[in-house]
Amino acid sequence: MDAGMLARPPLFSADDLLHKYKSPSTAALRRMYPGCDACKAQPEGNAAAHPVPNTSVPSLFVCGAQDPAIMCNRPYALRTREYVSSEYTYVKVECAHDVLTESDSCPAAEVAKVTAAILDHLQQAPTP
């Protein structure tokens, strides 16, 4: 049975990422990794062949606000809540991508917030 395909966002060129979206680190990655052959053949992206319904599982979204790749504090990412029909928690911390490791880009206090949020989320989960 053909399960379909996940949605794929547009493939932005390195120039677009640098000049239009002001993201030099992402532009540098695009220059190093230009994208898959299918992505380059259809750079506008594609919709999901069989969209999945909203999740009914309690969800925790931890956002490293300084993450240059995920950009989870942008309006489109903040809409994630619209796809969860159960309990939903959004936690924004002043970190880059690795929100669980204390570093120059993620202070200890922020890692502690993430750890507390995960533990709280797990403690609130229904038991089978």
Side-chain angles (χ1 to χ4, degrees):
M1 177 178 140
D2 180 17
M5 174 188 331
L6 293 173
R8 187 175 49 75
L11 179 69
F12 296 116
S13 70
D15 287 339
D16 278 348
L17 291 166
L18 180 62
H19 300 293
K20 186 175 179 182
Y21 298 102
K22 310 292 186 224
S23 184
S25 58
T26 308
L29 284 172
R30 174 63 67 224
R31 286 206 193 287
M32 290 173 23
Y33 306 104
C36 67
D37 291 339
C39 302
K40 290 185 276 186
Q42 189 179 7
E44 68 278 2
N46 57 279
H50 304 284
V52 294
N54 290 0
T55 182
S56 59
V57 176
S59 301
L60 170 65
F61 186 169
V62 177
C63 171
Q66 307 307 318
D67 189 329
I70 303 210
M71 298 182 276
C72 53
N73 56 352
R74 303 282 175 91
Y76 61 84
L78 297 174
R79 290 185 53 216
T80 300
R81 171 68 185 105
E82 297 172 18
Y83 301 97
V84 179
S85 60
S86 184
E87 296 296 318
Y88 177 83
T89 305
Y90 176 84
V91 176
K92 182 174 100 174
V93 291
E94 293 304 320
C95 297
H97 187 73
D98 190 356
V99 297
L100 284 171
T101 303
E102 183 180 338
S103 66
D104 290 342
S105 65
C106 195
E110 299 298 280
V111 173
K113 285 182 198 175
V114 173
T115 303
I118 292 170
L119 291 174
D120 186 55
H121 182 74
L122 292 173
Q123 289 169 348
Q124 291 182 23
T127 54

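On a predicted model such as this, the values are computed, not experimentally measured, just so you know. No hydrogens, no waters, no symmetry mates; every other heavy atom, side chains included, goes into these values. We're numbering straight along the sequence, starting at 1.
In this structure, S23 contributes its side chain and L18 its backbone to no donor-acceptor pair below 3.5 Å. Between the side chain of S59 and the backbone N or O of V57 there is at least one donor-acceptor pair closer than 3.5 Å. Side-chain N or O atoms of R31 include none that pairs as donor or acceptor with a backbone N or O of P34 at under 3.5 Å.
L119 CG to L60 CG: the interatomic distance, rounded to the nearest 0.5 Å, is 10.5 Å. Expressed to the nearest 0.5 Å, how far SG of C39 lies from CD of E44 amounts to 11.0 Å. Atom OG1 of residue T89 and atom CZ of residue R81 lie 8.5 Å apart, to the nearest 0.5 angstrom. Going from atom OG of S13 over to atom NZ of K40 covers 13.0 Å, rounded to the nearest 0.5 Å. Note that CG of N54 and CD of E82 are 9.0 Å apart. Values are rounded to the nearest 0.5 Å. With values rounded to the nearest 0.5 angstrom, L17 atom CG is found 8.5 Å from L11 atom CG.
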Stepwise side-chain contact (heavy atoms from CB on, under 4.5 Å) test for T115 and L100: CA-CA 7 Å; T115 303; L100 284 171; 4.2 Å; yes
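Between V114 and V62 the shortest heavy-atom distance is CG2-CG1, 3.7 Å. Closest non-hydrogen pair, E110 versus C95, comes out as CB-SG, 3.5 Å. Shown here for A65 and K92, the closest heavy-atom pair between the two residues is CB-CG, 3.8 Å. Minimum heavy-atom separation, N73 to Y90: CA-OH, 3.6 Å. Among all heavy-atom pairs drawn from S86 and S56, the shortest one is CB-O, 3.2 Å.
Note: the hydrophobic cluster containing I118 also contains V91 (ILVMFWY, side chain heavy atoms under 4.5 Å, direct or indirect links). When the side chains of ILVMFWY residues are joined at heavy-atom separations under 4.5 Å, either directly or via intervening members, I70 and Y21 end up in two distinct hydrophobic clusters. Under the 4.5 Å side-chain contact rule for hydrophobic residues, L122 and V93 share a cluster.
Residue-environment remark: OH (Y76) exceeds the threshold of 12 foreign heavy atoms within 6.0 Å. For E87, the CD atom sits in a loose shell: 12 or fewer heavy atoms of surrounding residues, nucleotides or ligands are nearer than 6.0 Å.
Judged purely by distance below 3.5 Å, without hydrogens or angles, the side chains of S103 and S105 pair a donor atom with an acceptor atom.
Classified by interplanar angle (parallel below 30°, tilted 30° to 60°, perpendicular above 60°), the ring pair F61/Y88 is perpendicular.
By the 4.5 Å heavy-atom criterion applied to side chains, H121 and P58 are counted as neighbours.
Residues satisfying the side chain to side chain donor-acceptor pair (under 3.5 Å) test with Q123, not counting sequence neighbours, are none.
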